[in-house]
Amino acid sequence: MPANQTSGEHAESADEKHDDGATDRAVSEFDDGLVDLLAWILDTETRARIYVYLRKNPHSTSEEVAEGTGLYPSTVREALAELADDETVDRRKRKSSGAGNNPYEYVAIPPSDLVKDAVGQVQEQLNAVFNLDRRLGTDCSDETEPVSITVREE
């Protein structure tokens, strides 16, 4: 123990180490919650995990995503193809100076764009529920779209 450090300071640093463990658990739980929310937006946990990985590691190949997420390469390739079709990830050939096949690299769209797409879908679904009686023929008033969700970037 350094001469200028008291035993109370030593105990405090031990508490800080204990708090770091609690912080790690909180971050892990937050990440799991975030993945659950993204899985709802993106349809599957696999797609959500790939999206998060690509936000942290843009310009990754399917092989790099598989290695980084621990998912099977075939599962990753299939999910990436779906995400590219849905325009949730951008895909382009990786440039290479060598000869051979250049793999695709992927970049996930910004979360703000993902939210905008999800908001439109949620708004449509809420309006369908709101107008259920009209659709069932038990209410004769005109169909309206009362639910309007606005997303502002700050």
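Position 1 is the first residue of the sequence, and the numbers go up from there.
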Looking at every non-hydrogen atom in both residues, tell me the closest pair between [X] and [Y] and how far apart they are.
X      : Y     : result
Gly68  : Tyr53 : CA-CE1, 3.6 Å
Ala66  : Pro73 : CB-CA, 3.9 Å
Ala79  : Arg47 : CB-CG, 4.1 Å
Ser62  : Val76 : O-CG1, 3.6 Å
Ile109 : Glu87 : CG2-O, 3.4 Å

Step-by-step salt bridge (Lys or Arg N to Asp or Glu O under 4.0 Å) determination, Arg77 to Glu82: CA-CA 9 Å; Arg77 284 190 300 274; Glu82 293 168 356; over 6 Å; no
Any donor-acceptor pair under 3.5 Å from Thr75 side chain to Leu71 backbone: no
Side-chain donor/acceptor of Arg92 to backbone N/O of Tyr106, under 3.5 Å: no
To the closest 0.5 Å, what do you measure between [atom1] ([X]) and [atom2] ([Y])?
X     : Y     : atom1 : atom2 : result
Asp85 : Leu80 : CG    : CG    : 11.0 Å
Asn57 : Glu64 : CG    : CD    : 8.5 Å
Asp86 : Asp43 : CG    : CG    : 7.5 Å
Tyr51 : Leu34 : OH    : CG    : 9.0 Å
His59 : Asp90 : NE2   : CG    : 9.5 Å

Common cluster, Ile41/Val89, ILVMFWY with side-chain heavy-atom separation under 4.5 Å: yes
Leu54-Tyr72 co-clustered via ILVMFWY side chain contacts under 4.5 Å: no
Sub-4.5 Å side-chain heavy-atom contact between Leu114 and Leu42: yes
Cationic N near anionic O, under 4.0 Å, Lys95 to Glu105: no
Over 12 non-hydrogen atoms of neighbours within 6.0 angstrom of NZ in Lys56: no
Arg91 NZ/CZ over Tyr104 ring centroid, <6.0 Å and within 45° of normal: yes
